[in-house]
Amino acid sequence: MNLDAYFQVGITVDLGSHTFQPDEIKAFAAKYDPQPFHLDEEKAAKSVFGRLCASGWHTCAMWMRHNLETRERLYSGPWEGQEPRPEFGPSAGISDLKWLRPVYAGETVRFSRMATSHRPLASRPGWHMLSVKCEAFVEN
């Protein structure tokens with residue numbers, strides 16, 4: 001197996017979906033993003049959003065959870081490559097993050113990812129920098 005196939009470069013991988021419930025939205029916001037439109041329905045109704053909505057960081061955290069669960073499922077089998085099996089490590093960061101619309105209480109978001117490229121890291125032999133396009137869409 002070559003690394004492009006292993007990392008599924010160019011293939012959109014469905015990571016599953018999550019429904020954002022009011023109590024969960026409030027609990028996440030209370031700990032990590034305590035803005036009124038994430039914490040209180042009445043205050044949210046008077047905000048620019050018009051009703052309770054999830055923090056963008058909450059949607060990102062749920063994307064990561066689904067990504068890790070999918071990664072474990074997809075990459076836990078036997079390794080048949082010529083090189084040592086790649087190991088996944090920490091994220092090198094995020095670029096071009098955009099929240100295009102709020103995620104309101106009760107809405108379901110579907111998550112996906114597509115590896116766009118990878119390259120070896122000179123500073124860490126055996127490691128690769130994997131670039132991934134991450135997406136989340138509210139289901140209708």
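In this structure, Glu135 and Trp63 approach most closely via the heavy-atom pair O-CD1, 3.6 Å. Heavy atoms only, all atoms of each residue included: Pro125 and Ala122 are closest at CD-O, 4.2 Å. Between Ala92 and Met129, the closest heavy-atom pair is CB-CE, 3.6 Å.
Residues satisfying the side-chain contact (heavy atoms from CB on, under 4.5 Å) test with Val132, not counting sequence neighbours, are Arg113, Leu130, Cys134. Scanning for side chain to side chain donor-acceptor pair (under 3.5 Å) contacts around Arg71 gives an empty result, with sequence neighbours left out. For Lys43, there are no salt bridge (charged side-chain N to carboxylate O under 4.0 Å, His left out) partners at least two apart in sequence or on another chain. Every side-chain contact (heavy atoms from CB on, under 4.5 Å) that Leu97 has, sequence neighbours left out, goes to Trp57, Cys60, Ile94, Trp99. Residues that satisfy the side-chain contact (heavy atoms from CB on, under 4.5 Å) test with Phe49, not counting sequence neighbours, are Phe37, Ser47, Cys53, Pro102, Tyr104. In terms of the ring pair (Phe, Tyr, Trp, His ring centres under 6.0 Å) criterion, residue partners of Tyr32 (sequence neighbours excluded) are, by chain and number, Phe28. In this structure Arg73 satisfies the side chain to side chain donor-acceptor pair (under 3.5 Å) test with no other residue, sequence neighbours excluded. Applying the salt bridge (charged side-chain N to carboxylate O under 4.0 Å, His left out) rule to Asp96 yields the partners Lys98; only residues at least two apart in sequence or on another chain are considered. The side-chain contact (heavy atoms from CB on, under 4.5 Å) search around Lys46 returns none, not counting sequence neighbours.
The distance from atom CG of Leu74 to atom CZ of Phe7, rounded to the nearest 0.5 Å, is 13.0 Å. The distance from the NE2 atom of His58 to the CD1 atom of Ile25 is 7.0 Å, given to the nearest 0.5 Å.
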Intermediate values then yes/no, salt bridge (Lys or Arg N to Asp or Glu O under 4.0 Å), Glu42 and Arg51: CA-CA 8 Å; Glu42 289 181 26; Arg51 56 191 164 135; over 6 Å; no
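Residue pairs meeting the side-chain hydrogen bond (donor to acceptor under 3.5 Å, both in side chains) criterion with at least one member in residues 119-129, sequence neighbours excluded: His118-His128.
Residue Leu39 is found outside any hydrophobic cluster, as its side-chain heavy atoms come under 4.5 Å of no other Ile, Leu, Val, Met, Phe, Trp or Tyr.
A side-chain donor-acceptor contact under 3.5 Å links Asp33 and Gln35.
The shortest distance between side-chain heavy atoms of Lys26 and Glu41 falls below 4.5 Å.
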Residues 9-20 side chain polar contacts: donor-acceptor under 3.5 Å, at least two apart:
| unit_1 | atom_1 | unit_2 | atom_2 | d |
| --- | --- | --- | --- | --- |
| Asp14 | OD1 | Gly16 | N | 3.3 |
| Asp14 | OD1 | Arg110 | NH1 | 2.9 |
| Asp14 | OD2 | Arg110 | NH1 | 2.9 |
| His18 | NE2 | Glu24 | OE1 | 3.0 |
| His18 | NE2 | Glu24 | OE2 | 2.8 |
| Thr19 | OG1 | Thr108 | OG1 | 2.5 |

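Hydrophobic clustering of Ile, Leu, Val, Met, Phe, Trp and Tyr side chains at less than 4.5 Å, counting indirect connections, keeps Phe111 apart from Phe137.
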